[in-house]
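The next block holds one structure in the form of structure tokens; read it before the comments.
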Amino acid sequence: MEDIGNLSNKQGGENEKLIFKVMKRGEKLKLDAARDENDLVDFGMRYDLTVPLARFYANHANDLPSPFKALQIGNVWRADRPQRGRYRQFMQCDIDILGEPSNLAEIELILATTTTLGKLGFENFEIRINERRILKAMAAYSGFLEQDYDSVFIILDKMDKIGVEGVAEELGQQGYAPETVSKYIGLFQEIEHAQDGISYLSEKLGDYLDPEIVSNMQEIVSTVQACKTARFKLVFDPTLVRGMSYYTGTIFEIAMPEFGASCGGGGRYDRMIGNFTGKDVPACGFSIGFERIILLLVEQNFEIPQQPKKAAYLVEKGYPAKKLTDVISQAQEARAHGQQVLVVRMNKNKKFQKEQLTKDGYEEFVEFFNR
């Protein structure tokens, strides 16, 4: 559980509507004096692992290295409508880098995550990437007011479900000027025909978009493409929003064709820790949805890799030194082929020795006698 103030600070986006809230207890609970729900609640179940990580870092920053690299796996809760791959309690697998201001954090996180997925056998998935500041530059260029950005982005986030026309219609229904909506929608339509969407926006948006943001994105894309070990596509997607309002820069998402939805995502959140300490710390993270990945693996009849058989080479005392080198060489060759081999001197009570080794998981015994 987390303090409700940490979870309801208007940075969690739509997830703040899905918090399992915990009522005050004992003398703190004053039902008669309560004016609204906020007077009855003091805690909530965490909806992600990022907010707790930021709180932990804020409390222990002086004792942690910089940059601080965190790996955590844990359950989170959202009062959502259960369906395929979407649960009220589920597990997230997060990696985060705190204290690294450059795009080295994004590059390392994307490569680590995609390497993991590749080792699980996933191929031809997509990492969709965008930048919150690019989203804001496109909105500003089109004529939207800054206070309307979040509302506009919530509608834009539905693009994959309702299409360009649906987004244009909803923006119009919200009362935004037709010329502003038309200019905004036109940007997305033009990007579809551009060979390089990032470069196109750099030229189109002009002073609305800082050139450093463009070069930063291009460096991430080119470096990941050059260094990746898994088979996937890295795609610039200007419609990618990510629901969390705490993202301040690069955002990314895993798109699996077999699932039809995101199986993970993340981005840069440089201002979250400042909410706890008053001093901003650069931070970036990537999260994989455990249940969704497991669901896909089960549907693909994934077989868990079996542990190699453990073999023990029992060498009798007094075994010739010249022959011992052959035993060691044989063990090294077996290890090179993935087998786990223990080379050990044979005890007088060989039966008891084997019983103990069997308890440790050794199934095969090779004996070398002094003969």
Side-chain angles (χ1 to χ4, degrees), residues 49 52-53 56 60 63-65 67-76 87 89-97 108-123 125 227-232 263-264 285-371:
L49 299 179
L53 175 64
F56 170 83
H60 302 279
D63 303 318
L64 296 172
F68 172 56
K69 297 183 179 181
L71 183 153
Q72 54 180 333
I73 298 175
N75 283 311
V76 298
Y87 312 100
Q89 176 181 335
F90 55 97
M91 186 174 290
Q92 286 189 334
C93 310
D94 283 20
I95 50 176
D96 293 80
I97 300 177
E108 187 171 2
L109 291 171
I110 294 172
L111 288 175
T113 302
T114 54
T115 299
T116 300
L117 293 173
K119 287 183 177 181
L120 288 173
F122 290 105
E123 296 181 345
F125 57 93
C227 300
K228 67 180 184 180
T229 58
R231 295 178 58 185
F232 68 93
C263 290
F286 209 139
S287 175
I288 293 178
F290 180 80
E291 283 84 358
R292 292 188 176 185
I293 293 298
I294 294 299
L295 174 65
L296 292 177
L297 290 175
V298 170
E299 290 179 349
Q300 295 172 8
N301 298 316
F302 177 78
E303 293 185 8
I304 299 173
Q306 299 299 312
Q307 289 290 335
K309 288 185 177 181
K310 298 170 72 173
Y313 289 8
L314 307 181
V315 183
E316 189 179 30
K317 186 178 180 181
Y319 194 76
K322 291 182 179 180
K323 289 187 177 182
L324 185 60
T325 58
D326 294 334
V327 176
I328 300 297
S329 297
Q330 186 177 333
Q332 289 176 329
E333 184 177 355
R335 290 166 183 154
H337 287 84
Q339 190 172 15
Q340 187 171 337
V341 179
L342 171 69
V343 181
V344 63
R345 289 293 182 181
M346 188 184 298
N347 293 343
K348 287 184 179 180
N349 190 343
K350 185 174 63 174
K351 181 180 178 183
F352 178 76
Q353 184 181 19
K354 284 186 176 181
E355 288 175 353
Q356 294 301 308
L357 289 170
T358 299
K359 289 180 181 179
D360 291 336
Y362 288 92
E363 305 174 56
E364 182 182 346
F365 299 97
V366 183
E367 300 176 356
F368 298 88
F369 294 101
N370 182 19
R371 293 172 188 168

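Along the sequence shown, residues are numbered consecutively beginning with 1. Keep in mind that the numbers below use all heavy atoms, side chains included, and drop hydrogens, waters and symmetry copies.
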Next item on the list: Using a 4.5 Å cut-off on heavy atoms from C-beta on, say whether the side chain of L314 contacts that of V344.
Entry: yes
Check: Q339: what forms a side-chain hydrogen bond (donor to acceptor under 3.5 Å, both in side chains) with it, not counting sequence neighbours?
Finding: E364
Item checked: Axial cation check for F368 ring with K323, 6.0 Å and 45° limits -> no
Notebook entry, point to check: Heavy-atom count around Q300 CD within 6.0 Å, excluding the residue itself: above 12?
Noted result: yes
Note to self: Please give me the minimum heavy-atom distance between Y362 and A312, naming the atom from each residue.
What the structure shows: CD2-N, 3.9 Å
Note to self: Could you measure the distance from the CG atom of L117 to the NZ atom of K119? Nearest 0.5 Å is fine.
What the structure shows: 11.5 Å
Check: What pair of heavy atoms forms the shortest contact from A331 to V343, and how long is it?
Finding: CB-CG2, 3.7 Å
Check: Checking side-chain contact (heavy atoms from CB on, under 4.5 Å) against L297, which of L295, I293, N301 comes through?
Finding: I293
Note to self: Assess the residue pair E316 and K350 against the criterion (salt bridge (Lys or Arg N to Asp or Glu O under 4.0 Å)); give the C-alpha distance rounded to whole Å, side-chain angles, the decisive distance to 0.1 Å, and a yes or no.
What the structure shows: CA-CA 10 Å; E316 189 179 30; K350 185 174 63 174; over 6 Å; no
Margin query: Using side-chain heavy atoms (C-beta onward) and a distance below 4.5 Å, is M346 in contact with Q353?
Written below: yes
Item checked: Closest approach of A230 to G118 (non-hydrogen atoms, all atoms of both residues) -> CB-CA, 3.9 Å
Next item on the list: Could you tell me the separation between the CD atom of E363 and the OG1 atom of T358, rounded to the nearest 0.5 Å?
Entry: 9.0 Å
Notebook entry, point to check: Within a reach of under 6.0 Å around CZ of F352, are more than 12 heavy atoms found that belong to other residues, nucleotides or ligands?
Noted result: no
Item checked: Rounded distance [0.5 Å steps], CG in N349 versus CD in Q356 -> 10.0 Å
Checklist line | Nearest-0.5 Å distance that lies between atom OG1 in T116 and atom CG in L111 | finding: 10.5 Å
Notebook entry, point to check: What's the verdict on side chain to side chain contact (heavy atoms under 4.5 Å, CB included) for V315 and V327, showing C-alpha distance, side-chain angles and the deciding distance?
Noted result: CA-CA 8 Å; V315 183; V327 176; 4.0 Å; yes
Check: Hey, is CZ on R231 packed in by over 12 heavy atoms from elsewhere, all under 6.0 Å?
Finding: no
Check: What pair of heavy atoms forms the shortest contact from Q72 to L49, and how long is it?
Finding: NE2-O, 3.4 Å
Next item on the list: Using a cut-off of 6.0 Å, state whether more than 12 heavy atoms not belonging to H60 lie near its atom NE2.
Entry: yes
Notebook entry, point to check: Do N370 side-chain atoms and G318 backbone N/O form a donor-acceptor pair below 3.5 Å?
Noted result: yes
Checklist line | Heavy-atom pair with the smallest gap, counting every atom of T325 and K322 | finding: OG1-O, 2.7 Å
Notebook entry, point to check: Say you draw a straight line from CG of L120 to CD1 of I294; how long is it, rounded to the nearest 0.5 Å?
Noted result: 8.0 Å
Checklist line | Expected output: side-chain E291 to main-chain F90 donor-acceptor under 3.5 Å | finding: no
Checklist line | I95 and K69, any side-chain heavy atoms less than 4.5 Å apart | finding: no
Item checked: Interatomic spacing from NZ in K310 to CG in L357 - rounded to 0.5 Å -> 9.0 Å
Note to self: Would you call the rings of F68 and F56 parallel, tilted or perpendicular, taking 30° and 60° as the class edges?
What the structure shows: tilted
Item checked: Test item: F125 and T114 side chains (from C-beta on) under 4.5 Å apart, heavy atoms -> yes
Check: What's the shortest heavy-atom distance between Y319 and L324, and which atoms?
Finding: CE2-N, 3.8 Å
